[in-house]
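Report on the structure given below.
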Amino acid sequence: MSLVDLIKNVAVKAVEATNPVNVLFGTVASESPLEIQIHQKLRLTEDFLVITERVDQANVRRGDRVVLLRVQGGQQFIVLDKVVK
């Protein structure tokens, strides 16, 4: 591995270690209390969700797809909106 490749590798790992914001898609698994399934091993409860007014007014239903932002650090997820297409 060249020095340039080594520096690139270290830089990529440094960025990944900070857990920058990511866009995710999930499915509403439960309406009340709200729970969102991201994948088989990750199901988010209300404790980890930040609900926007738009999502609150959209009145999401079980099975609806939603778009989320994972906040830096990965402990909170902002539910942005319901996916319609």
Do you know which two heavy atoms are closest between [X] and [Y], and how far apart they sit?
X: Asp56; Y: Ile51; answer: N-CG2, 4.0 Å
X: Val79; Y: Thr52; answer: O-OG1, 3.1 Å
X: Glu31; Y: Arg61; answer: OE2-CA, 3.6 Å
X: Gln75; Y: Phe48; answer: O-CD2, 3.2 Å
X: Phe77; Y: Arg70; answer: CE2-CG, 3.3 Å

Are Leu68 and Asn22 close enough that some pair of their side-chain heavy atoms sits under 4.5 Å apart?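 Leu68 does not reach Asn22 side chain to side chain.
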
Sidechain-backbone polar pair: [X] side chain, [Y] backbone, donor-acceptor under 3.5 Å:
X: Arg62; Y: Ala29; answer: yes
X: Glu46; Y: Leu34; answer: yes
X: Gln76; Y: Val71; answer: no

Side chain to side chain contact (heavy atoms under 4.5 Å, CB included), paired with Val60, selected from Thr27, Val66, Asp81: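 Answer to the side chain to side chain contact (heavy atoms under 4.5 Å, CB included) test with Val60 among Thr27, Val66, Asp81: Val66.
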
Check the pair Asn9, Met1 against side-chain contact (heavy atoms from CB on, under 4.5 Å), reporting the backbone distance first and the verdict last. CA-CA 10 Å; Asn9 194 15; Met1 177 180 284; 4.2 Å; yes

CZ-CG distance between Arg54 and Leu80, expressed to the nearest 0.5 angstrom: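 Here the rounded value is 10.0 Å.
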
Hydrophobic clusters here meaning ILVMFWY residues chained together by side-chain heavy-atom distances under 4.5 Å, can you tell me if Val23 and Ile78 are in one?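 Same cluster: Val23 reaches Ile78 through Ile, Leu, Val, Met, Phe, Trp or Tyr contacts under 4.5 Å.
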
side-chain contact (heavy atoms from CB on, under 4.5 Å) evaluation trace for Leu69 with Leu24: CA-CA 6 Å; Leu69 290 179; Leu24 303 167; over 6 Å; no

